[in-house]
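A quick write-up on the structure given underneath.
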There are 2 protein chains.
Amino acid sequence: MLNYSASEENYIKAIYRLQRQDGTVTTNELAHELKTKPASVTDMMKKLKLKKLLRYQPYQGFRLTQEGGKVALGIIRRHRLWEYFLAEKLKFTWDEVHEVAEDLEHVSSKKLIDKLDEFLGFPRVDPHGDPIPDAHGRMETSKKIILTELPAGTPAVVSNVINQSTAILELLEHKKIIIGTRLEVKKKFEFDESLEIRIGRQPAFTISHQLAENIFVQLV
Amino acid sequence: MLNYSASEENYIKAIYRLQRQDGTVTTNELAHELKTKPASVTDMMKKLKLKKLLRYQPYQGFRLTQEGGKVALGIIRRHRLWEYFLAEKLKFTWDEVHEVAEDLEHVSSKKLIDKLDEFLGFPRVDPHGDPIPDAHGRMETSKKIILTELPAGTPAVVSNVINQSTAILELLEHKKIIIGTRLEVKKKFEFDESLEIRIGRQPAFTISHQLAENIFVQLV
DNA sequence: AAAATTATTTAGTTTTGTCTAAATAATTTT
DNA sequence: AAAATTATTTAGACAAAACTAAATAATTTT
């Protein structure tokens, strides 16, 4: 496995993330995601194609090759292990870990990451509930659904929170919703799409559609 | 405190290190130290002068300004804390930590470093015995002397090992010399400048001049 | 199907950090 | 003190990664 620049790695990561959704990724999508210009994306795509990390014909979208996918999983592994370290060992709050991990993830010593993994006790998910790829690039894939799509009356466990702002953290802490919380939707209100949910035996309470949109759950 | 590029930081660190010895640093010295060309050094010096991190007139040497010194101590703090982390928590051997810390040191979040410091229990020296600057840039300065200059019969404690190769580590482990070891020079041989030393009550043994040159001790 | 719009690429610059080759300054030798 | 050597700087190029402006290709509207 060769070494890639921080910039190349950021592109690879972004393509990986976007192609999960759409299957393929366009120049504009990527430019928007990386807060850069379409022309810069085209330049980098040529470079990554040359390095055989992605397939792309002008005016079609891009997809990572097998090799590109492996590289992406390596970067994601580093990122999520550092996030876990920051939250678990250094007591960073949940909303602070991402930014610092964005820098740490580009330090690419394999030995460092494998030893860090061991030190942390081989964690399987990061502080936001995202799965951490193992040393071979394997990652747990559990079917997650958005809370807004969980049918009323079906028990589920919070597995993941997408938005990582301080604002959402404050709200979740207040509502006592954390990763692992078991909950159930009691009722969905059509008017504002708010949800009434219940945690354990406590009294039910209401959360907004905006909040529910950022929470993923797994059926239990 | 502004942010500097990895390259700028490497220059600052090197100047700091070299000016400890000579008081001032020349273009060629720096080029040699950083394995780069004199022309590149001149370019970077112009830039660092512009940023008021160092003083320099063409054809005279350079010296860091006060601000430059502070920046240097910040980088050294990061480097040594990561070295401590790698050795203490991730169980890297003593000769492996430097290389990885060279990359980690450029991640410049102050919060990260201060929390890392706390997590590690505010260590005062890194795995090679070099002092770690605190959050205010203060660093223990104990007078260290090279083992070759320790007079026979004077008890001292190993405080520092300079050369960080696997080769020297192997030798030191075999001889059971580590940082903190209390020893005494019994005799100095003029012929090959080898030293006979004794650790505690064990039988004395001989070490080469090349080895002794890389060991610093403190009087006790 | 032509026109208008949108998406993408190309061409030409910029910045950072490096390099080589040439020029100049300082020092040492003779 | 002139010549030779060594140290340093300048000039000009290059690669990486970004940008703007212009050109071209694809898609959507009418």
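Looking only at distances, no side-chain donor or acceptor of Trp94(B) sits under 3.5 Å from a matching main-chain atom of Ala87(B).
Legend: residues meeting side-chain contact (heavy atoms from CB on, under 4.5 Å) with Asp130(B), ordered by chain and number and at least two apart, are Arg80(B), Asp126(B), His128(B), Asn160(B).
OP1 or OP2 of dT6(D) has not a single side-chain nitrogen or oxygen of Asn28(B) nearer than 4.0 Å. Between Lys46(B) and dT9(D) there is no side-chain polar atom (N or O) within less than 4.0 angstrom of OP1 or OP2. When the side-chain nitrogen and oxygen atoms of Ser7(A) are compared with OP1 and OP2 of dA18(D), one or more of them lie within a distance under 4.0 Å. Taking 4.0 angstrom as the limit, Tyr11(A) places none of its side-chain polar atoms (N or O) nearer than this to OP1 or OP2 of dA16(D). In terms of phosphate contacts, Tyr59(A) brings no side-chain nitrogen or oxygen within less than 4.0 Å of OP1 or OP2 of dT10(C).
At whole-Å resolution of the value, CG in Asp43(B) and C1' in dT15(C) are 13 Å apart. dA16(D) atom P lies 9 Å from atom CD of Glu8(A), rounded to whole Å. The CE atom of Met45(A) sits 15 Å away from the P atom of dA16(D) (whole-angstrom rounding). Distance Met44(A) CE to dT8(C) C1': 17 Å, rounded to the nearest Å. We find that CD of Gln57(B) is positioned 12 Å from P of dA26(C), with the value rounded to whole Å. Between Leu50(A) atom CG and dA15(D) atom P there is a gap of 14 Å when expressed in whole angstrom units. The CZ-P distance, from Phe62(B) to dT8(D), rounds to 7 Å in whole Å. Rounded to whole angstrom, the span from the OH atom of Tyr56(A) across to the C1' atom of dT8(C) amounts to 9 Å.
At a threshold of 4.5 Å between non-hydrogen side-chain atoms, the residues Pro123(A) and Leu81(A) count as touching.
In this structure, dT28(D) and dA3(C) make a Watson-Crick or G-U wobble pair, each of the two defining distances being under 3.5 angstrom. Pair check for dG12(D) finds dC19(C); Watson-Crick or G-U wobble, both atom distances under 3.5 Å. Under the Watson-Crick or G-U wobble criterion, with both distances below 3.5 Å, dT9(C) is paired with dA22(D).
Between the side chains of Glu170(A) and His174(A), no donor-acceptor pair of N or O atoms lies under 3.5 Å. Side chain to side chain, Asp103(A) and His106(B) fail the donor-acceptor criterion of an N or O pair below 3.5 Å.
Heavy-atom contacts from other residues, nucleotides or ligands closer than 6.0 Å to CD1 of Ile146(A) number more than 12.
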So Glu140(A) and Arg124(A), salt bridge (Lys or Arg N to Asp or Glu O under 4.0 Å) or not? Walk me through it.
CA-CA 8 Å; Glu140(A) 280 178 17; Arg124(A) 303 234 290 295; 2.3 Å; yes
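Heavy-atom distances under 4.0 Å link DNA chain C to Pro38(A), Ala39(A), Thr42(A) of residues 30-42 of chain A, given in residue order.
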